[in-house]
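Here is the structure we will look at, set down as structure tokens.
None of these values were measured; they are calculated from a predicted model. What's counted below: heavy atoms across the whole structure, side chains too, no hydrogens, waters or symmetry copies.
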Amino acid sequence: MGQKVNPIGLRLGITKTWTSRWYAERGDFKNYFLEDQKIKKAIKSKIYYAGISKIEIERKRDKMTINIYAAMPGIIIGRKGAEVEKLKEYVKTLTNSNVTINVRDVSVPEKDAQLIAENIALQIEKRMPYRRVMKRAAYLALKKGAKGIKIQISGKLGGAEMARTEWIKEGRVPLSTLRADIDYGFAESLTQAGVIGIKVWVFNGMVSPK
């Protein structure tokens, strides 16, 4: 049985950075960690339809900066920034810090692993053939400049009684090479047969360690 390692966790401090960045005195770490998880989950569920790729949180004393990477940032910002102000007020109810929200655009959502996984999950829930959905996502990622992609789905596929795993791989996906820029995403699809898990790895080329 192989060892399963999260490709982003493996590269933290080498070619990837943390999505929560702050310093905590002993005893405060747990509170900050749980509050970050609560805020990320709340934002994701509130504006899920905007295509949220990732959420970063930075803390400096009593100030908190939240960076939201989205495929459709206009939906989050709204007319003259009205929607982002509402979101800011909502986040303030979850924390005692002064909150600043920055919305950033995901320039190529077709090769963003998290968005690919969520898109596949959505289409499986709409009863689209999963093999066709996987091949279509891999084709679009390579067409938009990805060097390689691997997609794996597990569960009761096509309404089968027994769960199984299927995957496809196009191009190179060197998971063991630390210099490889691997983007990873995970999503779940809720079907009548049960939960189907989707994992996506996207290889965007080699990078130099920071």
Side-chain angles (χ1 to χ4, degrees), residues 2 4-11 15-16 19 40-41 43-55 68-76 103-177 179-207:
K4 310 298 188 298
V5 178
N6 186 308
I8 294 177
L10 182 66
R11 291 166 176 79
T15 57
K16 299 284 184 183
T19 56
K40 287 177 181 177
K41 189 175 180 181
I43 292 176
K44 184 87 177 179
S45 62
K46 191 171 182 66
I47 50 174
Y48 183 83
Y49 50 84
I52 307 298
S53 172
K54 67 177 178 179
I55 299 170
I68 302 174
Y69 294 81
M72 294 179 281
I75 293 177
I76 303 173
V103 183
R104 297 180 178 173
D105 184 27
V106 176
S107 56
V108 188
E110 290 85 358
K111 62 173 190 173
D112 184 286
Q114 182 62 38
L115 296 180
I116 293 171
E118 291 179 4
N119 186 39
I120 291 174
L122 183 64
Q123 293 193 58
I124 290 176
E125 286 180 0
K126 291 180 179 177
R127 300 186 179 184
M128 295 287 288
Y130 62 89
R131 288 194 184 95
R132 185 195 302 171
V133 172
M134 291 164 67
K135 287 179 180 176
R136 176 73 178 165
Y139 168 75
L140 287 175
L142 295 179
K143 186 179 178 183
K144 292 294 181 178
K147 304 295 182 185
I149 181 171
K150 180 180 176 182
I151 303 172
Q152 177 180 299
I153 62 174
S154 303
K156 295 181 178 178
L157 305 176
E161 290 187 3
M162 290 189 65
R164 67 180 190 278
T165 299
E166 290 206 11
W167 58 272
I168 63 167
K169 188 169 104 174
E170 298 287 346
R172 291 179 59 215
V173 187
L175 294 177
S176 300
T177 305
R179 290 195 305 113
D181 181 11
I182 303 287
D183 191 18
Y184 173 72
F186 172 77
E188 289 182 340
S189 179
L190 305 178
T191 67
Q192 288 187 343
V195 178
I196 293 176
I198 299 107
K199 294 180 180 177
V200 177
W201 297 263
V202 177
F203 174 47
N204 291 309
M206 295 294 179
V207 294

| Do the side chains of Val133 and Ile153 get nearer than 4.5 Å, heavy atoms only? |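 A side-chain contact under 4.5 Å is absent here.
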
| Is there a side-chain contact between Gln152 and Trp201, using heavy atoms and a 4.5 Å cut-off? |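 In short, these two side chains touch, coming nearer than 4.5 Å.
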
Shortest non-hydrogen contact from [X] toward [Y]:
X      : Y      : result
Pro109 : Ala71  : CB-CB, 4.0 Å
Ile47  : Ile52  : O-CG1, 3.5 Å
Val103 : Pro73  : CG1-CB, 3.6 Å
Ala193 : Gly159 : CB-CA, 4.0 Å
Arg131 : Glu166 : NH2-OE2, 3.0 Å
Ile196 : Gly155 : CG1-CA, 4.3 Å

So how far is it from [X] [atom1] to [Y] [atom2], rounded to the nearest 0.5 Å?
X      : Y      : atom1 : atom2 : result
Lys150 : Ile168 : NZ    : CD1   : 11.5 Å
Ile124 : Asn119 : CD1   : CG    : 10.0 Å
Met134 : Glu170 : CE    : CD    : 10.0 Å
Met206 : Thr15  : CE    : OG1   : 10.5 Å
Arg172 : Thr177 : CZ    : OG1   : 7.0 Å
Lys199 : Asn6   : NZ    : CG    : 9.0 Å

| query | Does Asp112 have any side chain to side chain contact (heavy atoms under 4.5 Å, CB included) partners at least two apart in sequence or in another chain, and if so, which? | reply |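 Once residues adjacent in sequence are excluded, the partners of Asp112 under the side chain to side chain contact (heavy atoms under 4.5 Å, CB included) criterion are Ser53, Val106, Gln114, Leu115, Asp183.
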
| request: Apply side-chain contact (heavy atoms from CB on, under 4.5 Å) to the pair Ile116 and Ile149, showing each step before the final yes or no. | output: CA-CA 11 Å; Ile116 293 171; Ile149 181 171; 4.1 Å; yes

| message | Out of the candidates Lys111, Lys147, Lys16, only one should pair with Asp181 under the salt bridge (Lys or Arg N to Asp or Glu O under 4.0 Å) rule; please name it. | response |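 Of the listed residues Lys111, Lys147, Lys16, the salt bridge (Lys or Arg N to Asp or Glu O under 4.0 Å) partner of Asp181 is Lys16.
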
| Is it true that atom CZ of Arg127 has more than 12 heavy atoms of other residues, nucleotides or ligands lying nearer than 6.0 Å? |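 Incorrect, the count does not exceed 12.
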
| field | More than 12 heavy atoms from other groups under 6.0 Å of NZ on Lys44 | value |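 Correct, the count exceeds 12.
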
